[in-house]
Amino acid sequence: MNMALLRRSATYVLLSLAAFISVFPFIWMALGATNKSNDIVTGRLSLGSNLLVNFQNLLAQVDLVRVFGNSFLIAIISTLLTLAVSSLAGYGFEIFRSRVRERVFQLLLLFLSIPFAALMVPLFVLISRAQLNNTFIAVILPTIASIFIIFYFRQATKAFPGDLRDAARVDGLKEWQIFLFVYLPTMRSTYAAATIIVFMGAWNNYLWPLIVLQTPENKTITLVISALTAAYTPDYGVILLATVLATLPTLIIFFVLQRQFVQGMLGAVK
Amino acid sequence: MNRIASRRSLMLGVALASVSFLSVAAASAGELTVWCWDPNFNIAAMTDATARYTASHPDTTFAVNNVTQDEINQKLQTQLLAGVSDGLPDIVLIQDDNIQRFLQSFPGAFVPLSDSVDMTKFAAYKVAAATYEGKSYSLPFDSGVTGLFYRSDYLEAAGYKPADVQDITWDRLIEIGKDVLAKTGHQLIDMDYNDDGQIIMMMQSTGQWYLKPGNEPNIIDNAALKESLEVFQKMAQGGLIKPVSDWTGYTGGFTSGEVAMVPQGVWITGTIKSATDQSGKWRVAPLPKLNDVEGATHYSNNGGSSWYVLSSSKNQEEAVDFLKTIWAEDVDFYQGILVNQGAVGSLLAAREGAAYKASDPFFNDEPVWQNFSDWLAQVPAVDYGTFTPEARLAVRAQLPNIANGGSIDDALKAIDAQLRQQMQ
C-alpha cells in the first residue's frame with residue numbers, strides 16, 4: 001500500500017517536472033513580452049509593465065494586420081488544399097488495389113528522405129519559369145501534395161471498415177459519394193489531427209517563403225520575426241511579444257481540436 | 001465534349017484570376033531596391049542616404065527592405081545558383097568576411113565599383129576585403145575598427161590611471177587584469193567561448209588571417225594565431241574571463257557593470273552607451289598589441305559590411321551614381337549617421353566633419369571618434385578568402401579546450417585538420 005503510494009507520488013513528481021520543463025519556455029516567452037529588453041537580458045522572470053510599450057514599438061515596425069493576413073491566407077488555403085488532395089490520395093492508396101501501388105508508395109516514402117534544401121534551387125527555377133515568383137501560390141503549391149499526410153491518411157484508412165464501404169455501394173453510392181459522405185465524416189478526428197499538423201507546418205514555414213516572397217508587403221509572420229532578431233541590439237521585449245502573437249493561432253487551433261487530435265492519434269475508428 | 005472544354009477553360013480562368021489576385025505588381029521602373037538589416041543601424045543609415053539623394057534627384061525613388069544577413073546569403077545563393085535575377089535588389093549589403101565567396105563563386109554577378117569610384121578614399125583594409133582579380137566591388141560601409149573600451153572607475157579603484165592602459169601589450173593587460181580582479185572583484189572581460197571574435201581581433205592586428213591568399217590554411221605556422229590563443233588561455237586560466245553563453249549574455253556582462261573591459265569593434269559603442277547610468281565611467285584605449293609577432297600593431301577589425309550593386313539591376317547606373325554621390329563623397333552625411341546611429345563609416349574624409357571632431361561626455365570627454373578614425377586608416381588588410389566561415393568554426397571548436405588549459409599546439413593541429421577536411 002505504502003509502496004504503491006510512494007511509486008505514485010514519484011510518478012507525479014517526475015511528470016510535474018517534465019511538464020514544467022516543457023511549459024517553462026512558454027511562460028518565459030509570455031513574461032518576456034511584458035518586460036523591457038534590458039530586464040530580459042538580466043534574467044528578470046516576473047510580470048513587467050512594458051507590454052504596451054513593446055506593443056507600440058512592434059506596431060511601429062511591423063504592419064501587423066497585413067503580415068498576419070498574409071500568414072493566415074497562406075496557412076488556411078494551404079491547409080484546405082493539402083487536406084483535400086492528400087487525404088484523397090491516402091484513401092486511394094489504401095482502398096484501390098493495383099499492381100504498382102506498393103512500389104509507388106515506397107517511392108513516395110523514399111522521397112520523404114530528400115531534404116528540402118536539395119530541392120530548393122530546381123523548385124525555384126520552376127516557380128520563376130511559371131512566373132509565380134513573389135506570389136502566395138508559389139508558397140502554397142509545393143506543400144499541397146504532402147507525402148507525410150498521404151502516409152498518415154493511408155495508415156488511418158487501414159482502420160476504415162470495408163463493410164461500411166460495401167454497404168454504401170449496395171445502397172448505390174458512387175465512389176466520390178462514398179468518400180464524401182461516408183469516409184469523410186467517419187474520419188473526422190483524423191482530419192482534425194491533420195489540420196493541426198498541416199496548419200502548424202504552413203504557419204511556421206520559413207525557408208521556402210523566405211526564398212520566394214520578395215517584397216515586404218508579402219512577408220509572413222515568421223519572416224518578420226526573423227527580421228526583428230537581426231538587429232545588432234535586438235529589442236527582446238518586442239521579439240518575444242511578436243513570438244507570443246505568432247504562437248496564438250496554432251495554440252487556439254490546437255485547443256479547439258484537442259479532443260479530436262488525441263483521438264486522431266489513437267485511430268479514428270474504434 | 002464541348003461542356004468539358006468550357007469547364008476546363010473556366011477552371012483555367014479561375015486559376016489565372018487567383019494568380020493575379022495573389023501576386024503583387026513588381027517594383028516600378030526607376031525605383032532602386034536595397035536589401036539590408038537592422039532598422040536602427042544599416043536601414044536607418046541607408047534611409048538617410050536615400051533622402052539626401054532624392055533631394056537632388058527627385059526622379060529616383062528607393063525601397064529599403066529589412067532583410068537579415070542570413071536571409072541575404074540564402075536568397076542570393078539560391079537565386080544566383082538558379083540563374084534567376086527576378087526580384088533581386090539593385091543594392092545589397094554583405095558582410096565583409098563573406099563577400100569573397102560570392103565574388104569567386106559567381107563571377108560577373110556584381111558591378112566592379114572601382115571602375116567608377118576612387119577607392120583610395122576609403123580605409124585600405126575595407127577595400128581589400130572586396131577586391132578580386134584586381135577590381136574592387138564594394139562601396140565600403142561600416143567599419144569594425146577595434147578599441148579597448150574600459151571602466152576607468154574600476155581601474156582607478158585598483159590604482160591605475162588611463163595612461164597605464166595606453167599602448168600596452170596583452171601580457172601587460174593580463175597583469176593589470178589580475179590586479180583589478182584582486183582589488184575590485186571585477187573580471188577583465190566577458191566572452192562566449194563559441195565566438196572567436198577576440199581571437200581574430202588579436203590576429204588581424206598583425207596582418208595575419210586563418211587563410212593565406214589563394215585559400216591555403218594558415219594555422220600551424222601562424223605565429224599571430226598561436227600567440228592570440230596563448231593570451232586567451234592565460235586570461236581564461238587566470239580567471240579574468242567571465243564565460244557567457246550567447247550574445248545577450250555577452251552584452252549583459254558589461255551593460256550590467258560586471259566586467260571591467262570590452263575589447264571590441266567600434267559598433268559596440270551603441271550598446272555600451274545604452275547603459276546611460278554608466279556615463280562618464282567609460283574610456284577607450286587602442287587595442288593592446290601582441291608581444292612576439294612581427295608586424296604587431298594596435299589596430300584591428302571585427303565585423304563590418306559593405307554595399308554592392310548587382311549586375312542584374314536594371315537601374316545599374318543610377319545605383320552606382322547614388323553610392324558614389326552620397327556614400328563616397330558626402331562628408332555631412334557621415335556626420336549624421338555617426339551621431340544618430342553610431343555608425344563609423346570607412347570614408348577617411350569623414351573625420352573632417354564636426355561630429356567626428358566632437359568629444360563624448362559618456363567617454364570622459366575624450367575625442368573618441370577622432371581616435372577611431374586615426375586607427376581606422378591603420379588597420380592591416382587581410383585576405384578573407386572563401387573559407388573564413390569554416391575556419392572560424394574549426395577555431396571555435398577548440399576554444400573551450402584551450403580555456404581549460406589544453407595544449408595549444410594540439411589545438412592548432414586539430415584546427416588545421418578540420419579546416420582542410422572542410423575545404424575538400
Side-chain angles (χ1 to χ4, degrees), chain A residues 36-43 57 60-62 66 70 73-74 77 117 120-141 206-219 223-236 238-239, chain B residues 15 18-27 33 35-43 63-72 74-75 77-89 142 246-253 255-256 258 265 267-268 270-271 273-275 303 341-343:
Chain A
K36 277 187 201 145
S37 196
N38 262 345
D39 291 338
I40 298 168
V41 171
T42 48
N57 288 342
Q61 289 177 56
V62 179
R66 173 132 218 166
N70 292 345
L73 194 62
I74 289 175
I77 297 179
M120 206 162 67
V121 172
L123 191 60
F124 184 74
V125 175
L126 204 73
I127 291 290
S128 324
R129 293 264 165 86
Q131 308 274 320
L132 290 176
N133 231 330
N134 201 23
T135 65
F136 292 160
I137 294 177
V139 182
I140 295 166
L141 214 50
Y206 171 74
L207 187 55
W208 181 240
L210 164 70
I211 301 295
V212 287
L213 297 181
Q214 277 144 339
T215 47
E217 62 271 17
N218 279 2
K219 295 227 158 161
L223 300 180
V224 167
I225 290 178
S226 148
L228 288 177
T229 60
Y232 289 132
T233 38
D235 188 333
Y236 292 103
V238 172
I239 294 168
Chain B
S18 52
V19 170
S20 53
F21 165 67
L22 290 173
S23 63
V24 171
T33 308
W35 283 358
C36 53
W37 59 89
D38 197 340
N40 297 320
F41 195 81
N42 299 316
I43 296 178
V64 182
N65 295 350
N66 184 1
V67 190
T68 71
Q69 267 180 73
D70 289 345
E71 290 175 1
I72 287 177
Q74 185 73 259
K75 290 177 97 146
Q77 182 88 18
T78 310
Q79 296 213 215
L80 293 175
L81 211 56
V84 178
S85 60
D86 243 23
L88 283 182
D142 76 307
D246 56 11
W247 188 253
T248 318
Y250 175 70
T251 56
T255 49
S256 66
E258 222 168 319
W267 39 262
I268 202 74
T271 312
K273 286 173 78 171
S274 73
Q341 281 83 47

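By convention in this document, chain letters (A, B, ...) are assigned in the order of the sequence lines, proteins followed by strands, and residues within each chain are numbered from 1. Quantities reported herein were computed from a predicted structural model and do not represent experimental measurements.
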Flag the one option from B:Gly270, B:Ala275, B:Gly87 with the top tally of heavy-atom pairs under 4.5 Å to chain A.
-> B:Gly87
Check against side-chain contact (heavy atoms from CB on, under 4.5 Å), B:Gln74 and A:Leu207 | CA-CA 9 Å; B:Gln74 185 73 259; A:Leu207 187 55; 3.6 Å; yes
For a quick test of reading the model, state the closest non-hydrogen atom pair linking [X] to [Y] and the distance between them.
X: A:Gln214; Y: B:Asp86; result: NE2-O, 3.1 Å
X: B:Val67; Y: A:Lys219; result: CG2-NZ, 4.4 Å
X: B:Thr68; Y: A:Ser226; result: CG2-O, 3.4 Å

For chain B, find which of A:Val212, A:Val121, A:Leu210, A:Val224 contributes the most heavy-atom pairs closer than 4.5 angstrom.
-> A:Leu210
Heavy-atom pairs under 4.5 Å with chain B are the metric here; pick the option from A:Val125, A:Ile211, A:Leu223 that has the most.
-> A:Ile211
Measure [X] against the heavy atoms of chain A and call it side chain, backbone, both or neither at under 4.5 Å.
X: B:Asn42; value: side chain
X: B:Gln79; value: both
X: B:Trp247; value: side chain

Would you say the side chain of A:Phe124 lies within less than 4.5 Å of the side chain of B:Lys75, judging by non-hydrogen atoms?
-> no
Indicate yes or no: at least one non-hydrogen side-chain atom of B:Val84 is less than 4.5 angstrom from one of A:Asn133.
-> yes
Which atoms of A:Ile74 approach chain B - backbone, side chain, both or neither, heavy atom under 4.5 Å = neither
So does A:Lys36 have more than 12 non-hydrogen atoms from other groups sitting under 6.0 Å from NZ?
-> no
